[in-house]
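Read the structure below first, then the notes.
Numbers restart at 1 for each chain; the letters A, B, ... are given by sequence-line order, proteins then strands. All of these numbers come straight from a predicted model, not from anything done at the bench.
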Amino acid sequence: MTKTSSENALKKDPTRRDFLLLTAGAVGTVGAAYFAWPFIDSMNPAADILAQSTVDVDLAPIPEGQAITVVWRGKPIFVRHRTAAEIQEAEKTPLSDLIDPEPDKERVKKDHTPWLIVVGICTHLGCIPTGNTPTQNRGKYGGWLCPCHGSLYDTSGRVRRGPAPLNLVIPPYTFLTDTTIRIGMGEGEA
Amino acid sequence: MKIFTNLREWIDYRLPVFTFIDRELTKYPTPKNLNYLWNFGSLAGITLMVMIISGIFLAMHYDPAADKAFDSVEYIMRNVNYGWFMRYLHANGASMFFIVVYIHMFRGLYYGSYKAPRELLWMLGVVILILMMATAFMGYVLPWGQMSYWGATVITNLFSVFPFGDAIVEWLWGGFSVDSPTLNRFFVLHYLFPFLIIAVVGLHLIALHQHGSNNPVGIECKEPTDKIPFHPYYTVKDLFGLGVFALIWSYFIFFNPNFFGEPDNYIPANPLVTPPHIVPEWYFLPFYAILRSIPNKLFGVIAMFGAVLVLFFLPWLDRSKVRSATFRPIFKWVFWTFVVDCLILGYVGGHSPDYIYEATGISNQFLGQITTFYYFSFFFIMLPLLGMYEKPLPLPASISQVKHPKKRKRFFVLFFLSSLSPLLGNDTPSLSYQTWSFQGPFGTFDRKDLQQGFQIYKEVCAACHGLKHLRFRDLAALGYTPEEIKAIAAEYKIATVNDEGDAIERPALPTDTFPGPYKNEQAARAANNGALPPDLSLITKARVGGPDYVYALLTEYESAPPKDVEVAKGMHYNPVFPGGQIAMIPPLIDGLVTYDNGEKPSLNQMAKDVVTFLAWTAEPELETRKSMGYKVLIYFLVFTILMYFVMKLIWRRVK
Ligand code: FES
């Protein structure tokens, strides 16, 4: 074959050859990566789903000690009206007792401490904990109980017994008035 | 490094993939004299992969139900991230695929690549072509526009000529007409067939590698120096070809995405109205012409299928022992006449049979008959006779002894360009063309025109026309702030159900689509003298002439129709509208609205603004598309130039 003569020809000018081959290789690789991106990104939530609106919740009809479930972005949101005892319970729990230490006052809005708003999805593997309606078992810590693998949550939505590793997530929300909240919109956003 | 070599050997001993790659891709001995026409095989393979990838991602968003399909395609275009890119890539990809495959086949024909021992290689290729045609046809049905629907109806009805035809057709449809079940199965089969194509491509490649590629000289390589390893010589050459091909494909995706499409396919399927001109996609036009040329239903259908099936017999119809047309002085001419014949057939298929060519006075129907006759006589008369009587030129002793004439490449460039010609000659109505801010490769929408156009839509058009594919939040592109959009949305009411189950209305939110002016089609027709005001979301894409047509329609009403025209009650005379009579009253008059700056616009100004707005509603992606297009074109330009130099560098070694 033509191998020996060709190698001689190329050896004359190794730097230029290497440079050209490397550049071509780099350009090709970058291009392939960019070509992949639109397809990967197409699987992300579409523009209309991303822009999906906020949910306004009227708190007035929820009696003390009870909770409701509203749907925001396809997820259940627990809105719970805590009793004074429950608040106290949550506040006095020492942080050292917690799996995911977080004081209660960081999980509620100032001046609105009776209202606990959490995403009702167990942080273990995504089941919906029970305890949001009066007939359901709230577990040993008075919050929620996950039926899947037995995680327990307290009245601040903090995990008290695993396997769940983290506290229930707090969605972005704001108090529009004293009795209405808007979920999906953080404090100070338009 | 040692560990990799060991691992490689461990695997290869058990599963010889590396040996296989080395033998079939790297070392694979290939004739050293292949010209650029041999690029089209690999281009076809790459196109197939790109079509499958883009198709899979599109299928993740597409909804194959008759009442959802059209809207889901628009959803992809407007909401899915890069959805417009994937769809235009896929839709134009079908055309690109056929261009590449047709050139690949004509190359095979010219150089006799189907002759012994490559008959099965060729026949597998024909199987791929037939599968491609079926796939392309079913894919075209999926957007569920008017062309999709009526194309599906006409093509499936072809089967009615066979014995038990009606039963076959109903079986294909899953009903008594093309409907949801048809669409659903077409979607499934459209998804399945490409994988069958991959399988046949695999066989095609096995057959190819058995005896290796043919070459422009058409004689087997006898000396070892006649062949070079596939890698790096042909890998880099294929990459260079890919660069050029990608430039052309990208041009269509980003700057002329609907070039190969029909405006009618942006009108949702309507089983009660057939569009006035139904034409198949350009790659079927020659076969469509053959179908129509024969004035008998049964024989027309047989001829059309025959025109494809005859390709299976090509290796035996061509009796000449010499492969390459380079050494066949008469065949060379017969071949080019055949190419031209196919192009004319394509042209004939794109026009109505009654069309008369002014210059010659012959009808399209007659031209179709001559060219159909030539098409078949090429296979059944010319090829067998040439094999017996043609005296070929003396063949060289080896492929190294030939100087390849250069001019053939130019022929093929010409062929490529002219293969697009059927599209250029369409009978477009004569419209006066306006200059639009958004036209041309650099055009962007004028924001002021857009806002004023939206105002006209809101104050005038919205009384009768919906804009259902548009969401209020899309108005951000017009320069409105979120508060302004919220306020605009709140002016509209959306029907919904409250917690007690009662039907109520709530103010629209920015995430809602524009509610239509009527509750349903019946209400719309009742309010408009039986006519249905079309939704305007896609209007400039759905009419031949696009924005110029809509502009002309709005501005060229005539209060006094010509004497010979009787205008029906409740209708208005408008020479631009097909048929001249339109139910819509002249919607715009001078000074009908007042713009924010206090201006009272003229009729022409208003028409211009509202058409600009409607062009935006039809193609909200236009600006992103063009700016992304420039980046892509520049990238592929750099890629192509680089590959060209790498190719030159590597090919220096080949004597
Ligand atoms: S998902 Fe809740 S405990 Fe496992």
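More than 12 heavy-atom neighbours from other residues, nucleotides or ligands sit within 6.0 angstrom of NZ on B/K222. Within a 6.0 Å radius of NZ in B/K493, other residues, nucleotides and ligands contribute more than 12 heavy atoms. Enclosure of atom NZ in A/K75 is not indicated, since only 12 or fewer non-hydrogen atoms of other residues, nucleotides or ligands lie within 6.0 angstrom. Around CZ of B/F255, the count of heavy atoms belonging to other residues, nucleotides or ligands within 6.0 Å exceeds 12. The number of heavy-atom neighbours closer than 6.0 Å to CG of A/D41, taken from other residues, nucleotides and ligands shown, is above 12. By the 6.0 Å contact criterion, CE on A/M43 is open, its count of non-hydrogen atoms from other residues, nucleotides or ligands being 12 or less. Summarising the local packing, CD of A/Q88 is surrounded by 12 or fewer heavy atoms from other residues, nucleotides or ligands at distances under 6.0 Å.
Comparing B/S54, B/P510, B/G83 by how many heavy-atom pairs each has under 4.5 Å with chain A, the most go to B/S54. If you tally non-hydrogen atom pairs under 4.5 Å between each of A/A46, A/G28, A/S42 and chain B, the highest count goes to A/S42. Options B/L642, B/N79, B/D512 differ in how many heavy-atom pairs under 4.5 Å they form with chain A, and the most are formed by B/N79.
Heavy atoms of B/F636 lying under 4.5 Å from chain A are absent altogether. At a 4.5 Å heavy-atom cutoff, the contact between B/L89 and chain A is made by side-chain atoms alone. Residue contact with chain A, scored on non-hydrogen atoms closer than 4.5 Å, involves the backbone and the side chain of B/F639 alike. B/V50 touches chain A through its side chain: at least one heavy atom from C-beta onward sits under 4.5 Å away, while N, CA, C and O do not. With a threshold of 4.5 angstrom between heavy atoms, A/F35 approaches chain B through side-chain atoms but not through N, CA, C or O.
In this structure, the side chains of B/F645 and A/T23 stay at 4.5 Å or more apart for every pair of heavy atoms.
With hydrogens and angles disregarded, no donor-acceptor distance shorter than 3.5 Å links the side chain of B/Y82 to the backbone of A/I40.
When all heavy atoms of A/N44 and B/N81 are compared, the pair lying nearest together is CB-ND2, 3.5 Å.
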